[in-house]
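Values in this document were obtained by computation on a predicted structure and should not be read as measured data. Below, chain A is the first sequence line, B the second, and so on; all start at residue 1.
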Number of protein chains: 2
Amino acid sequence: MSNTISVGYAIKQAQSLLHLRMEEALKPLGLTVSHYSCLHRLRVEPGISAAVLARRTFVTRQSMNVMLQQLIDRGLVARPSQADTGRALPTVLTAAGDDALDAASALIDAVEHRMLATLSAPETDALARGLTACIAALAHEASAAEAPAAEAPALATATGTAPPSR
Amino acid sequence: MSNTISVGYAIKQAQSLLHLRMEEALKPLGLTVSHYSCLHRLRVEPGISAAVLARRTFVTRQSMNVMLQQLIDRGLVARPSQADTGRALPTVLTAAGDDALDAASALIDAVEHRMLATLSAPETDALARGLTACIAALAHEASAAEAPAAEAPALATATGTAPPSR
DNA sequence: TTGCTCATGTCAGTATTCTGACATACAGTG
DNA sequence: CACTGTATGTCAGAATACTGACATGAGCAA
């Protein structure tokens with residue numbers, strides 16, 4: 001067994017701890033990590049639908065709609081009440097949301113920087129490549145034959161791997 | 001920007017995906033990942049208290065007690081109704097729990113193996129060391145000056161990093 | 001002994017997220 | 001055109017995890 005078997009536990013521990021530190025960092029802003037993820041993704045992909053947003057941030061559509069409503073109430077994001085074409089309602093950051101995201105990003109980046117502080121550049125690269133390989137290896141649903149790759153995008157542009165794929 | 005900043009997202013994605021695959025793998029056994037974590041830890045540290053168990057598995061004492069009650073109802077773990085000495089109730093696996101854990105471990109190990117399948121031994125080591133460094137770097141509560149290392153235990157023997165430390 | 005501190009177990013209430021189900025709107029095929 | 005399939009938004013309910021609070025018991029100092 002040795003190390004091989006406990007990388008999963010290390011990932012869990014790292015994620016749990018990172019989440020905790022990010023929550024602490026964002027607390028002064030009154031934002032949660034989920035809120036931040038949502039805002040961050042809206043900057044990367046403006047005008048995205050709530051369903052896509054949900055997949056990108058690893059929650060269900062239902063949860064995302066609850067979160068979006070909170071952010072709308074606070075004036076950080078905006079969404080038309082009616083769709084132009086289909087059913088998808090394009091969601092965007094407001095000016096206030098943009099400012100809030102700037103402030104939050106600075107705090108989050110500091111946490112990430114701290115997390116990686118003791119690693120050299122090659123070590124950080126190795127870590128990133130290792131994680132990317134893990135993600136790619138788990139991207140498909142176990143047995144069932146799958147489309148070639150299509151997934152496992154660059155770190156910052158992950159295509160999303162929502163919990164339910166329905 | 002670059003990679004440096006998105007390692008956190010990669011960790012989140014990897015953890016989310018790993019959790020999903022583990023849930024799928026355990027479904028035939030009627031166990032959740034949380035249940036598995038609990039049983040696994042009880043094998044590593046038999047006779048542990050529920051509070052310590054909670055810290056080890058990243059949940060609160062309250063949540064752990066709910067989970068333990070489920071496992072007790074299913075006959076997988078046992079716990080005396082009264083403490084010998086303090087208030088802590090030593091919890092242990094039953095024979096049935098031991099068997100269930102064996103079955104679950106085989107499935108979980110397969111998922112982990114699949115996750116790491118495309119990585120060479122040195123790459124896996126680099127990944128594990130990188131994660132361990134991240135955990136160590138985040139182990140302390142933000143600001144406060146800290147002792148050198150002290151933490152960063154071996155992967156499989158993590159000291160625990162519960163959500164609330166109270 | 002008394003008093004203080006800390007850890008554990010537990011109760012109650014809240015918040016968040018999920019599962020399940022349904023209606024709507026586009027894209028494709030016959 | 002009608003029909004099927006897929007995707008989105010939404011409602012309702014249940015499960016899960018959390019925060020807050022309290023009582024109990026051990027350890028330690030005065």
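Between A:Thr60 and C:dC18 there is a side-chain N or O to OP1 or OP2 distance below 4.0 Å. Contact between the side-chain N/O atoms of A:Ser63 and the OP1/OP2 oxygens of C:dC18 is found at a separation under 4.0 Å. One finds no side-chain N or O of A:Asn65 lying less than 4.0 angstrom from the OP1 or OP2 phosphate oxygen of D:dG9.
Comment: A:Arg43 engages A:Asp102 in a salt bridge, judged by a side-chain N to carboxylate O separation of less than 4.0 angstrom. Salt bridge annotation for A:Glu23-A:Lys27: absent, with no cationic side-chain nitrogen under 4.0 angstrom from a carboxylate oxygen.
One interatomic measurement links the two molecules: CE of A:Met64 to C1' of C:dC18, which rounds to 14 Å at whole-angstrom precision. Distance A:Gln69 CD to D:dC11 C1': 14 Å, rounded to the nearest Å. Rounding to whole angstrom units, NE2 of residue A:His35 and P of C:dA15 are separated by 13 Å. Between A:Lys27 atom NZ and D:dC18 atom C1' there is a gap of 12 Å when expressed in whole angstrom units. Rounded to an integer number of Å, the gap from CZ of B:Arg61 to P of D:dG20 is 13 Å. Distance A:Met67 CE to C:dA15 P: 17 Å, rounded to the nearest Å. Straight-line distance from the NE2 atom of A:His19 to the P atom of D:dA17: 14 Å, rounded to whole Å. Taking atom CG on A:Leu53 and atom C1' on C:dT17, their separation rounds to 16 Å, with Å as the unit.
For B:Ser105, the side-chain hydrogen bond (donor to acceptor under 3.5 Å, both in side chains) test picks out no residue, with sequence neighbours left out.
A:Asp99 contributes atom CG, which lies 9.5 Å from atom CG of A:Leu76 (distance to the nearest 0.5 angstrom). Atoms OG and CD1, on A:Ser6 and A:Ile11 in that order, are 10.5 Å from each other to the nearest 0.5 Å.
A cation-pi arrangement, defined by a distance under 6.0 Å to the six-membered ring centre and an angle within 45 degrees of its axis, is absent between B:Arg41 and B:Tyr36.
Judged by atom type and distance alone, B:Gln62 reaches the base of D:dG20 through a side-chain donor-acceptor pair under 3.5 Å.
Of the two residues near DNA chain C, B:Val52 and A:Thr32, the one whose nearest nucleotide lies more 5' is B:Val52.
Contacts of residues 79-92 of chain A with DNA chain C (heavy atom under 4.0 Å): A:Thr85, A:Gly86, A:Arg87.
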Stepwise side-chain contact (heavy atoms from CB on, under 4.5 Å) test for A:Val92 and A:Leu42: CA-CA 6 Å; A:Val92 295; A:Leu42 281 176; over 6 Å; no
